[in-house]
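Inspection log for the structure reproduced underneath, given as structure tokens.
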Protein chains: 2
Amino acid sequence: MVINGDGLTEMKKMDSESIGLVYLDPPFFTQCRQTLKDKNLNEHSFDDQWAGIEAYKSFMKERLSECQRILKKTGSIFLHCDRYASHHLRIILDEVFGARNFQSEIIWSYRRWSNAKKGLLNAHQVIFFYSKTDKFTFNPIYNGYSEATNIDQIFQKRKRDANGKTVYRTSELGNYELIEEKKGVPLSDVWEIPYLNPKARERVGYPTQKPILLLERIVEIASNPGDTILDPFCGSGTTLVVAKLLGRKYLGIDTSPDAVALSEKRLENPIRSDSTLLKKGRLAYSNQNTEILSLLNQIEAEPVQRNRGIDGFLKVNGKMIPVPIRIQRKDETIESAKQQLSKAIQKNGFKRAVLYQTNDKTEMPLFTLSISNTPNYQLYVYNTIDAIIRNKSVLIYER
Amino acid sequence: MVINGDGLTEMKKMDSESIGLVYLDPPFFTQCRQTLKDKNLNEHSFDDQWAGIEAYKSFMKERLSECQRILKKTGSIFLHCDRYASHHLRIILDEVFGARNFQSEIIWSYRRWSNAKKGLLNAHQVIFFYSKTDKFTFNPIYNGYSEATNIDQIFQKRKRDANGKTVYRTSELGNYELIEEKKGVPLSDVWEIPYLNPKARERVGYPTQKPILLLERIVEIASNPGDTILDPFCGSGTTLVVAKLLGRKYLGIDTSPDAVALSEKRLENPIRSDSTLLKKGRLAYSNQNTEILSLLNQIEAEPVQRNRGIDGFLKVNGKMIPVPIRIQRKDETIESAKQQLSKAIQKNGFKRAVLYQTNDKTEMPLFTLSISNTPNYQLYVYNTIDAIIRNKSVLIYER
DNA sequence: ACCGTCCCTGAATCATTGG
DNA sequence: TCCAATGATTCAGGGACGG
């Protein structure tokens, strides 16, 4: 159900201990401060900021207290925070839920378009996870092991010897004793989830809309099918859509009639558009074999993952220049490599390109340089890494 | 210089606006609470914890105020927080430095050994970055582009067309106009840096010792050579070592004479040891070729990177079982593959193993199963992926 | 309810082996 | 003698258990 109204009023009507999970993405402190400013413009101008944060805190505390009341004993709350107010919100959560019920500070991290801000690029948001009691519902998720883990060793049981040192256990016959199954590594509190792509089908025009995967994780780990999920600031209704898709009951509240209408429409026909990045994982983009990456690294070039003809761009003093490079594949003739590269560079209008010849160089001198001159571009072919590096200066575009 | 004494007393002696950068890793609130608890064991009970946090807050506020005083106008402070007190510390920072001088909440994320905790595995720590004024020193660092970025496109200059829409610029001839150099993506506020491993030589016996790389980033971005770096809780002296290596002046304070002695010893001969993980990166561990990885993925097996005979372990319902699998190489006879696998499993004491035969199967039926029985183990040979998947249930160890 | 003790975990290194 | 492969070890932080 989606209700049009004020979260506080609506929650007050609800029964105690009736909700399995609350997710909130409240209005940002900056936004809130803005509206408060507009409303009470006459009353205070001087102590504006202080009044602002106190007003925001009492606004949030009232609502969080109601959330606490209506949560079941096995319930949890996930509070999505504004970067300028997360510390104030956590103080309120400590007061309302108790510091002992703090479970996690979840970091949602993502890559983002950069801006010109002085300082570090903001690329994460914080979600606080508090439970009502220590009997909270939790469904663990397990992931694969680290690349650096010795997976062939972790099946071996261990014990402590007489000196308290950990050693591997062996049977009487001298064989290692084995663990029967390994679930994997528990999900950590840092979640790398792509920011909702502006073009994604999922997007319905709400500025703070959250990715479905983020909400899916929260709903999966902290509730069971049949539980009721509440979102008191439901906006475009992502939480509700996820709840519906995962077989949970759902309840959304928003002050905006437009938001309520939008949520209801989305719930009629919930779409789950997975971005390619999500489905395939970040590694799937790294479809080049390690060899190519290692060569690019030696040449000092930035790898390109999404172009058939181009493997990377040269770097000079750590800065990328618009000179594409291709590395000849093992199963590829030099002519075919030339064609692939030429096609790519002509399309994008590059003036110079480098082809690194890796095959059929047995009868050639230590390094060769051949320039294909056409009206549009120059193609340099080298067959040693050294030659490429030595000739980089030639390739820089004159200013 | 390293001083043995109380940070507060020592800082009070120092001149105002004399320090370029402060890094603090104060004692954890939990430790603090523990000692307070032990002291007041008789009183204890209800508002024990409350007294604890207030004491911690005033302890920290006194020290942070002194830090603010002695920082230069271009200076910054980096406060490494305890997971149970980060919100309280940020409130103090807002009070002392002003909310407008908040620059970043840095997330140091890492993989570490797991434990049986109910809930999410903690895998990050928070560092707050505040500046004294908005004229703070900041040296940007740039990194490579995301795997999902169209690197071949970002060289193209853009403009706005008549309708205000952004389009690529072209010259009169219809070619794209190119940007001459790109620096890369600015460093974000999420730093994935390996945790100092228990076996690392770099460790000097301080449990809270920080990786050199973490401090290097801080010192590099927020100070210039010649600046003085202050660490009022210097512990094993990592901050000072980094400052020295990067040509900054340094000043460390610690109440423990042992810590001071250790820091001084480390400073005599500052060593920056790079671990393999840092030097080569995570990709270096993935020495399996793509083909094998893809097959393992289809079979649903966890890859093993460091064992010659074993390529992976089978998974059943997402859980790894101690049944190793090997995939026959193209240039390898089935006998040789059998031998390699046998050797590995005998050494580690596995009872069952699977060999996937990829060659010489033209004259064979659609799938074959051959079990080599020896007293110690059973070796199953299959020649289709389907057969392996279908027979997994046979391979599970009985309880 | 609370304490101390013991056990389990997996990441990533050091140390040793073996070709 | 050297280098890659792999066996061995350590750590902090939970939970479980017993007193």
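Keep in mind that what you see is a predicted model, and the values were worked out from it rather than measured.
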*Decide yes or no for Arg90(A) and Arg90(B): does some side-chain heavy atom of the first lie under 4.5 Å from some side-chain heavy atom of the second?*
no

*asked:* Once you apply a heavy-atom cut-off of 4.0 Å, does Ala200(B) come out as touching a base, just sugar-phosphate, or nothing?
replied: sugar-phosphate

*Can a side chain N or O of Lys165(A) be found less than 4.0 Å away from OP1 or OP2 on dT9(D)?*
yes

*Measure the distance from CG on Asn122(B) to C1' on dC11(D) and round it to the nearest whole Å.*
16 Å

*Could you tell me whether Lys182(A) contacts a base, only the sugar-phosphate backbone, or nothing, with contacts defined as non-hydrogen atoms closer than 4.0 Å?*
sugar-phosphate

*Would Phe97(A) and Phe128(A) count as a close aromatic pair, with their ring centres under 6.0 Å?*
no

*Donor-acceptor pair present, Arg112(B) side chain and dG13(D) base, under 3.5 Å*: no

_Atom-pair distance (CG on Asn307(B); C1' on dA4(D)), nearest Å_ = 13 Å

*asked:* How many whole angstroms separate atom CZ of Arg201(B) from atom P of dA8(D)?
replied: 19 Å

_Ignoring hydrogens, what is the shortest heavy-atom contact between Ser263(B) and Cys234(B)? Give both atom names and the distance._
OG-SG, 3.9 Å

*Got more than 12 heavy atoms from elsewhere within 6.0 Å of NZ, Lys319(B)?*
no

*Identify whether any heavy atom of Gly144(A) sits under 4.0 Å from a base atom; if not, whether one sits that close to sugar-phosphate; answer base, sugar-phosphate or nothing.*
nothing

*For Lys343(B) and for Gly184(A), find the nucleotide of DNA chain C with the closest heavy atom, then tell me which residue's nucleotide is more 5'.*
Gly184(A)

_Phe136(A) backbone acceptor or donor facing Lys118(B) side chain under 3.5 Å_ = yes

*Between Phe138(A) (CZ) and dG14(D) (P), how many Å, whole number?*
13 Å

*asked:* Short of 4.0 Å, heavy atom to strand atom, which residues of residues 149-159 of chain A count as contacting DNA chain C?
replied: Thr149(A), Asn150(A), Arg158(A)

*asked:* Using a heavy-atom cut-off of 4.0 Å across all strands, would you classify Tyr110(B) as base, sugar-phosphate, or nothing?
replied: nothing

*asked:* Check the phosphate of dG15(D) against Lys118(B), side-chain N and O only, distance under 4.0 Å to OP1 or OP2. Yes or no?
replied: no

*asked:* When the axes are fitted on five pairs at both termini, how much does the helix from dC2(C)-dG19(D) to dG19(C)-dC2(D) curve, in 10° steps?
replied: 30°

_Presence of Asn197(B) side-chain N/O under 4.0 Å of dA12(C) phosphate oxygens OP1/OP2_ = no

*How many Å lie between CD on Gln103(A) and P on dG15(D), as a whole number?*
9 Å

_Strictly below 4.0 Å: does Arg111(B) bring a side-chain N or O up to OP1 or OP2 of dA11(C)?_
yes

*Check: Val204(B) main-chain N/O paired with Gln209(B) side-chain donor or acceptor under 3.5 Å*: yes

*Let me know the distance between OH of Tyr168(A) and P of dC8(C), rounded to the nearest Å.*
14 Å

*asked:* Within the 4.0 Å heavy-atom criterion, would you say Ser114(B) contacts the bases, only the backbone, or no part of the nucleic acid?
replied: base

*Using the ring of each side chain (for Trp, its six-membered ring), is Phe129(A) parallel, tilted or perpendicular to Phe138(A), with breaks at 30° and 60°?*
parallel

_Atom-to-atom span, CD of Gln209(B) to C1' of dA12(C) - whole angstrom_ = 15 Å

*Taking only the side-chain heavy atoms of Lys199(B) (C-beta and beyond), determine which of dG14(D), dG10(C), dC14(C) contains the nearest atom.*
dC14(C)

*Just do the side chain to side chain donor-acceptor pair (under 3.5 Å) check on Arg203(B) and Ser236(B) with the steps written out, would you?*
CA-CA 9 Å; Arg203(B) 264 187 191 258; Ser236(B) 58; over 6 Å; no

*Any ion pair linking Lys159(A) and Glu177(A) (charged N to carboxylate O, less than 4.0 Å)?*
no

_Spacing of Trp191(B) atom CH2 and Ile218(B) atom CD1 [to the nearest 0.5 Å]_ = 5.0 Å

*In whole angstrom, what separates Tyr142(A)'s OH from dG10(C)'s C1'?*
14 Å

